[in-house]
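The structure appears below as structure tokens.
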Number of protein chains: 2
Amino acid sequence: MTTAKSDTIASRISRELAERIVTGVIAAGARLRQDHIAEEFGASHVPVREAFRRLEAQGLVVSEPRRGVRVAGFSLDEVKEVAEMRAALEVLALRHAAPHLTRAILDAAEAANHAGEKAVDVQAWDEANRSFHRLILSPCGMPRLLKSIDDLQVVGARLLFSGWRAEWEAPTDRDHRAILSALRAGDVDQAASVLARHVQWVGPSPRKS
Amino acid sequence: MTTAKSDTIASRISRELAERIVTGVIAAGARLRQDHIAEEFGASHVPVREAFRRLEAQGLVVSEPRRGVRVAGFSLDEVKEVAEMRAALEVLALRHAAPHLTRAILDAAEAANHAGEKAVDVQAWDEANRSFHRLILSPCGMPRLLKSIDDLQVVGARLLFSGWRAEWEAPTDRDHRAILSALRAGDVDQAASVLARHVQWVGPSPRKS
DNA sequence: GATCTCCAAATTATAGATAATTTCAGTAAT
DNA sequence: ATTACTGAAATTATCTATAATTTGGAGATC
């Protein structure tokens, strides 16, 4: 958890900035100036620019040629859009993963869910939730799909960090259990249906732009 | 069609390389060396590296730290994966676009379809096909979703250019007409169903890795 | 008082140079 | 013959410097 050894400086900067954006340390709409960031990381601005490109690909920043990059906004519409995309893709992944799911995988997913129930802060809860989804979807064996889902998950996590309510935890865990029990029963359609609803849920209250 | 005015050198290089990869001028698996490309474009390697990052985000190249960049492969599995992702996302887009589709838009889509029937080469056919899809999906008003679909379309186009058969044209145009007539009849489910099957179709013959 | 113009400071984009790593051919050892 | 080493050449990643563009404000004009 220290400086996170990473091969290239660009990827280290990219990871660090991503975390700051997701956790809200850098606000939506804030402008990111390459020289300032370069100075902070003790690097030149070249790797910073490459980090920007990666963040742009993830949808965490938007870049206008010669006018700099700023943190992507997340209005309610944008959050919903990401959630719906993720729902569609996770359903696809689940249908391909289902035939390869083993008892051991489902047990591991259940353990991840329990870890989420015990989580005391947002980070831990988010991590457990991520694990759950990754566990049941990875066996689909579609790397590009999984990467897209992961990127969408990261973007969606901004919502969690911006306004998380402890009450939201219970329904999530219930959904997870429902998905597991449907999968154990071999009812993929039911599991997919719960998963789609579960992922699309972006909280009860409208959020500001 | 000349030098394609573009704001930054990086984006010009990125576009040019993308086209070469899609059309097969650069083969799958080929290594891209930044200095060589920089020299060819009369630029330094910094914008080349940024172009690489964009291509990586589009899924046209894969990059390993300190080991260079190579053109992404497209095995049958990968092509299928992209097609299924695109099907899932286009269905989502269509369901959101449907309420906003006007007579004029559907007529324009029909015109695009006719242009495709008259197309004499792959480029023209691809362009018409792209227009058709863009026309009926754009009204969904979900920019991130549309961008993802576009990227997937570009990747999928590699298949067209690698082995296109004139016979594939007719079924495609028939699918397009079926989608239009379902939309005109207000039967969104039917349109979505045809669209999903249509997009997932990757040709009758298994392709080599 | 509001708007426009123009200039300086800040910022982005690219170039050229350097350090660090990988690749690979050629040679030696088994 | 095959495998393991070695070092030069090629290549990637980074830094420093420079050119080009944008931003923001001071002063002029209406």
Side-chain angles (χ1 to χ4, degrees), chain A residues 2-21 25-73 147, chain B residues 2-21 25-73 147:
Chain A
T2 53
T3 37
K5 56 86 191 57
S6 84
D7 213 350
T8 89
I9 294 182
S11 71
R12 185 167 68 86
I13 294 177
S14 145
R15 247 200 316 278
E16 173 68 28
L17 289 180
E19 177 162 336
R20 288 190 202 171
I21 293 170
V25 173
I26 310 181
R31 189 152 169 203
L32 297 179
R33 270 165 271 242
Q34 55 186 194
D35 288 4
H36 298 182
I37 293 168
E39 188 181 18
E40 179 195 337
F41 283 88
S44 91
H45 62 254
V46 178
V48 173
R49 290 178 59 81
E50 293 198 25
F52 283 173
R53 290 285 106 76
R54 295 187 200 200
L55 295 171
E56 187 180 12
Q58 283 191 290
L60 290 175
V61 307
V62 294
S63 162
E64 289 182 291
R66 300 194 186 275
R67 308 194 52 184
V69 319
R70 44 183 68 246
V71 177
K147 169 137 182 34
Chain B
T2 53
T3 38
K5 56 79 190 63
S6 86
D7 213 349
T8 89
I9 295 182
S11 70
R12 185 168 69 86
I13 295 177
S14 147
R15 249 201 314 279
E16 172 68 28
L17 289 181
E19 178 162 337
R20 288 190 202 170
I21 293 170
V25 173
I26 311 181
R31 189 152 168 202
L32 298 178
R33 270 165 268 243
Q34 53 185 57
D35 289 4
H36 299 183
I37 292 168
E39 188 182 16
E40 179 196 336
F41 282 89
S44 92
H45 60 256
V46 178
V48 173
R49 290 178 60 81
E50 293 197 25
F52 283 173
R53 291 284 105 76
R54 295 188 202 200
L55 295 171
E56 187 180 13
Q58 283 191 290
L60 289 175
V61 307
V62 293
S63 161
E64 289 183 290
R66 300 198 186 274
R67 309 197 49 186
V69 166
R70 45 184 67 246
V71 177
K147 170 140 183 30

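In this text, all values refer to a predicted model and were calculated from it rather than measured experimentally. Because only heavy atoms are used, hydrogens play no part in the values below, and waters and symmetry mates are left out as well, while side chains stay in. Protein chains get the first letters and strands the later ones, always in sequence-line order, with residue 1 at the start of each.
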Rounded to the Å, how far apart are [X] [atom1] and [N] [atom2]?
X	N	atom1	atom2	value
H36(B)	dT12(D)	NE2	P	8 Å
R53(A)	dA13(D)	CZ	P	16 Å
E50(A)	dA13(C)	CD	C1'	13 Å
D7(B)	dT11(C)	CG	C1'	15 Å
R12(A)	dT14(D)	CZ	C1'	13 Å
I13(B)	dT14(C)	CD1	P	8 Å
E64(B)	dT12(D)	CD	C1'	13 Å
D35(B)	dA13(D)	CG	P	11 Å

| said: Walk me through whether E19(A) and R15(A) qualify under salt bridge (Lys or Arg N to Asp or Glu O under 4.0 Å). | reply: CA-CA 6 Å; E19(A) 177 162 336; R15(A) 247 200 316 278; over 6 Å; no

| Between the base of dT14(C) and the side chain of H45(A), is there a donor-acceptor distance below 3.5 Å? |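 Pair found.
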
| First encountered from the 5' end of DNA chain C, between G68(A) and V46(A) |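 Upstream on the strand: G68(A).
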
Given [options], identify the nucleotide with an atom nearest to the side chain of [X].
X	options	value
R66(A)	dC15(D), dT12(C), dA13(D)	dT12(C)
S44(B)	dT12(C), dG16(C), dT12(D)	dG16(C)
Q34(A)	dT12(D), dT14(D), dA13(C)	dA13(C)
R49(B)	dA13(D), dC15(D), dT12(C)	dA13(D)
R31(B)	dT11(D), dT12(C), dA15(C)	dT11(D)

Test item: [X] and [Y] side chains (from C-beta on) under 4.5 Å apart, heavy atoms:
X	Y	value
S63(B)	R53(B)	yes
I13(A)	F52(A)	no
Q58(B)	L55(B)	yes

| said: Just checking E40(A): does its CD atom have more than 12 heavy atoms from other residues, nucleotides or ligands closer to it than 6.0 angstrom? | reply: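 More than 12 heavy atoms, drawn from other residues, nucleotides or ligands, come within 6.0 Å of this atom.
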
| field | Given DNA chain D, 5'-ward residue of the pair R67(A) and A43(A), judged by closest heavy atom | value |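 Looking at DNA chain D, the more 5' nearest nucleotide goes with A43(A).
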
